[in-house]
Structures are given as structure tokens and as C-alpha cells.
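Notes follow the structure.
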Amino acid sequence: MTSLLTFHENPPLSLYIHLPWCVKKCPYCDFNSHEFTSTALDEDAYIDALIRDLETELPRIWGRTITSVFIGGGTPSLFSVASLNKLLSALRARLNISSGIEITLEANPGTAEAEKFRGYRDAGINRLSIGVQSFDDKNLKALGRIHGAGEAHRAIHFAKDAGFENFNIDLMFALPNQSIDAALQDLQLAVDHAPTHISWYQLTIEPNTVFYSKPPKVPSDDMSWSIQKQGQEFLRVNHYAQYEISAYAKDKQVSAHNMNYWEFGDYLGIGAGAHGKITNVAEGKIERFTRHKIPKRYIELAGSESVITGTRKLEQDDLSLEFMMNAMRLSNGIPANLFIERAGIPIKKMEKELFLAEERMLLDWRVNRLQPTVKGQRYLNELLEIFVK
Ligand SMILES: C[S@@+](CC[C@H](N)C(=O)[O-])C[C@H]1O[C@@H](n2cnc3c(N)ncnc32)[C@H](O)[C@@H]1O
Ligand code: SF4
């Protein structure tokens, strides 16, 4: 028997839209992305499918306001301005979208065009996330990227010229044969462009990727840790404040969309393979939804309930771990009362685990804040294991 969760109000609700095609699959990538072929990618059919998919979701989110939109992939910048215009107009017609909210689109430098970026801006996209990965041609080749460093710099110029004051640069570190100096040089070149945000990810070798079956020689754990420490310090002195494991923001311009995930807000996910998490206050439950991953099947099924391949109601026993998995990514942690607000359970229910985490010096629990210690940030898995039931 599961008891009901108690909420006073709905959490904030964001919208994620997945566009699943890429020019070429990168050997390290385990996202739901499929190589683009002109026969497989019918933009019109996909945009229509997204609209149908959204319409079937509306009853689940009646009356709620959308607080951010993220169009991710895959490579959303493969899509034409006309397609994105159609999509955004459809969202505005069907959803309650507050004015001025963050609307991000992921762009790959290999698909960047000045005119396209201007069109995206005019369509209402106000934040670009540019997948640079490295400014070194050697690294880009090793990562199987479709672009060189020159195109990465050029894409950033296009973004600025198009009026994107708010843009993120994605970089990765601990790349094959990468030295500390080379990693810092990538950060320097990123900082020189003065983005509002830098996402700096350690390359992870994911199952079901080419790198998993043919692993490249990557720096040792100690070396990767040194790169990370020095990079963090470099970004700090250059006014990029780290606020999450991989996220650094200038002048507090954090990613509103990602913050909502980490603060355990709700999100609607539409598109092939997209995930969603929706709280139902009246019924005292939180559910997670997954959608069909294969684009062709997704297009066929969008608009019917069968597009959803999995629905999982979060049980009380799952919630402390799920909440902490997100919240403990944040360097400053979160207000403790978000636990009852977002998970619908009094904090007393995880008091035992919180005390244990404190005792092991992985967590600080002060008055109204739960915050990972430096040790907790480094050994996040150890901290989270305490919350496994
Ligand atoms: C969903 S991808 C989409 C970005 C866009 N398609 C591109 O690659 O230009 C978002 C980011 O995740 C990061 N990423 C993807 N796979 C990764 C991996 N195995 N290890 C670390 N970071 C990864 C990359 O920095 C990438 O830009
Ligand atoms: S371009 Fe981006 S989403 Fe596509 S395969 Fe490469 S990393 Fe993955």
C-alpha cells in the first residue's frame, strides 16, 4: 500500500522538446539521437507529431504556467527557422507561457548559419546552447565531431551577431591524451567569447557507445581531478560561479530550465524518447513518463496514449533518493523545505539518512538548508547511496 503525498501547490512546470536527429553520431554520445538522412527526417511530419503529442498532454497540466522551454537533442539546429516558428506558435496557442521566460535551443557548430540564428531569435528563442566540446581540432577529430575549431568560433560570432546575449558553451574535459594546459586553454578560449554560461563536462564513457567498445586512452582519475580543480579555479577567477557539478554562470545567469530539474520541479517532455515528471496535487502523486524512442514510430504514435512507453508512479521510498540525486548536484544545495514542497513528504521521513550523511561529512544540514560538503560533491555516489531504500 502506498500513502498519498501531500502538496500545497503545484511545483513550477517546464517544457522539454526533443529533436532526435544529428548529422553524424558522435562516438561518445548515448543520447537518443539518430543519424540524419533526408528520407528519415521529415521536419513537417515531426513538428506535426510534436503538436499532436502536446495536445494529448494538455489535460495533465490544465491551468498551469510554463516557466521555461528547452529544445534539445540531437541537433535542433538542423531544423529550419520555418519549422521552429511553427512549433513555437503552436506552443503559444496551446500553453500558458509567461512572457520573457527562458527559451533555449541546442545548436551544433557544424550546422550554424548566420541567417538561421537570426531567424531563431526572431521566432522567440532567447538562449542558445552551443555544443563546442573543444576548440582544438585534434580533440574535435578524436571526438568524431562534424566541425573544426574555426566553425566553433564562427558559430559563437553568429550567435552574438543574431542578438543572443544569453548563450551557453558546452565543453568537455578529460579528453583522449588531454593535458591540464590544453584543458585550461579550451576554457580560456571559451571565456574570451564572454558567454553567460559554460557547461564543462567530464567525458564519460557510456555503455552502448563506440567509445565503450573501443575505449580511447583518457587521462587517469587523478589527472582528471587535477584538470577539474584547476579549471574550477580558472573559471572562478574569471567570474564564472560554479552552481552545479558541470554548470558555471556569469552574473548569476544560471540555466532556469536546468535549475528546475535540480530543484525537483515538474517538466513535460515531448518528442521521441522524451521524459516527463508531473505532480498531481489532487491525487497526491508524482508520475514519470517515457515516450517512444524511435523517431518513425514516435511520429506514427504521437497523438495517442500509446506514444507513452512507460508510466511510473514515484513511491515514498523512491522519493528521498530521487530528490537528493537532483538537489545534491547543486553546489549551494537547496532550502530544506523544498523536500516537503516538491516530494510531498515531511523531512522527518529522511532524518535518519540526513544525520548519517552529516556524520560521514558528506552533507551539511543547517537550519533550513541541505548542502553537499566538498567531500559530498566529490563522492556524490557515496552520499546518494545513503538514500537508497
Ligand atoms: C545532448 S548533447 C546535445 C548538444 C549538441 N547535439 C552537440 O553535441 O553539439 C549536450 C551536451 O552533452 C555533453 N555530452 C554528451 N555526451 C557526453 C559524454 N559521454 N560525456 C560528457 N559529456 C557529454 C556534450 O557537451 C554535449 O554538448
Ligand atoms: S551531435 Fe550532440 S546529440 Fe548528436 S551525437 Fe553528437 S553529442 Fe550526441
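As the structure lists them, so they are numbered: ligands from 1, and atoms in each ligand from 1. All values below come from the heavy atoms of this structure, side chains included, with hydrogens, waters and symmetry mates left out. This structure is a prediction, so every number in the text was calculated from the model and none was measured.
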Numbered in order shown, the ligand 1 atoms found under 4.0 Å of a heavy atom of Asp170 are 10 (C), 11 (C), 25 (O), 26 (C), 27 (O)

Does only the side chain of Phe31 get under 4.0 Å from ligand 1, or the backbone, or both, or neither? Count heavy atoms. side chain

May I ask you to check if any N/O/S atom from Cys26 comes under 2.8 Å of atom 6 (Fe) of ligand 2? yes

Where's the contact between His18 and ligand 1, heavy-atom distance under 4.0 Å: side chain, backbone, both or neither? neither

Should the ring pair Tyr248 and Trp200 be called parallel, tilted or perpendicular, given that the plane angle runs from 0 to 90° and is split at 30 and 60? perpendicular

Will you find, in the side chains of Asp181 and Gln185, an N or O donor that is under 3.5 Å from an N or O acceptor? no

Counting from 1, what ligand 2 atoms have a heavy atom of Cys22 closer than 4.0 Å? 1 (S), 3 (S), 4 (Fe), 5 (S)

Of all the heavy atoms in Ser33, does at least one lie under 4.0 Å from an atom in ligand 2? yes

Subset of ligand 1 atoms that lie under 4.0 Å from at least one heavy atom of Asn108: 9 (O)

Indicate whether the side chain of Thr373 and that of Asp364 have a donor and an acceptor atom separated by less than 3.5 Å. no

Verify the distance criterion only: is there a donor paired with an acceptor across the side chains of His193 and His153 at less than 3.5 Å? yes

With under 30° as parallel and over 60° as perpendicular, where do the rings of Tyr298 and Tyr46 fit, or are they tilted in between? tilted

Would you mind running through ligand 2 and noting each atom that sits below 4.0 Å from a heavy atom of Cys29? 3 (S), 5 (S), 7 (S), 8 (Fe)

Classify the angle between the aromatic ring planes of Tyr261 and His257 as parallel (below 30°), tilted (30 to 60°) or perpendicular (above 60°). perpendicular

Just by distance, with hydrogens left out, do Asp186 and Ser134 show a side-chain donor and acceptor under 3.5 Å apart? yes

Is there any N or O on Gly74 that sits under 3.5 Å from an N or O of ligand 1? yes

Atom 8 (O) of ligand 1 has as its nearest protein heavy atom Arg145 NH1, 2.8 Å

Under 4.0 Å from a heavy atom of Tyr28: which atoms of ligand 2 are those, numbered in the order shown and with their elements? 7 (S)

Heavy atoms only: which of Glu35, Met172, His147, Arg145 is nearest to atom 2 (Fe) of ligand 2? Arg145

Nearest non-hydrogen protein atom to atom 1 (S) of ligand 2, with distance, is Asn108 ND2, 3.5 Å

Under 3.5 Å, N or O to N or O, is Tyr28 touching ligand 1 that way? yes

Can the positive tip of Arg60 be found less than 6.0 Å from the middle of the six-membered ring of Phe289, inside 45° of the ring normal? yes

Short N/O distance, under 3.5 Å, between Gln133 and ligand 1? yes

Do the side-chain N and O atoms of Ser77 and Thr111 include a donor-acceptor pair separated by under 3.5 angstrom? yes

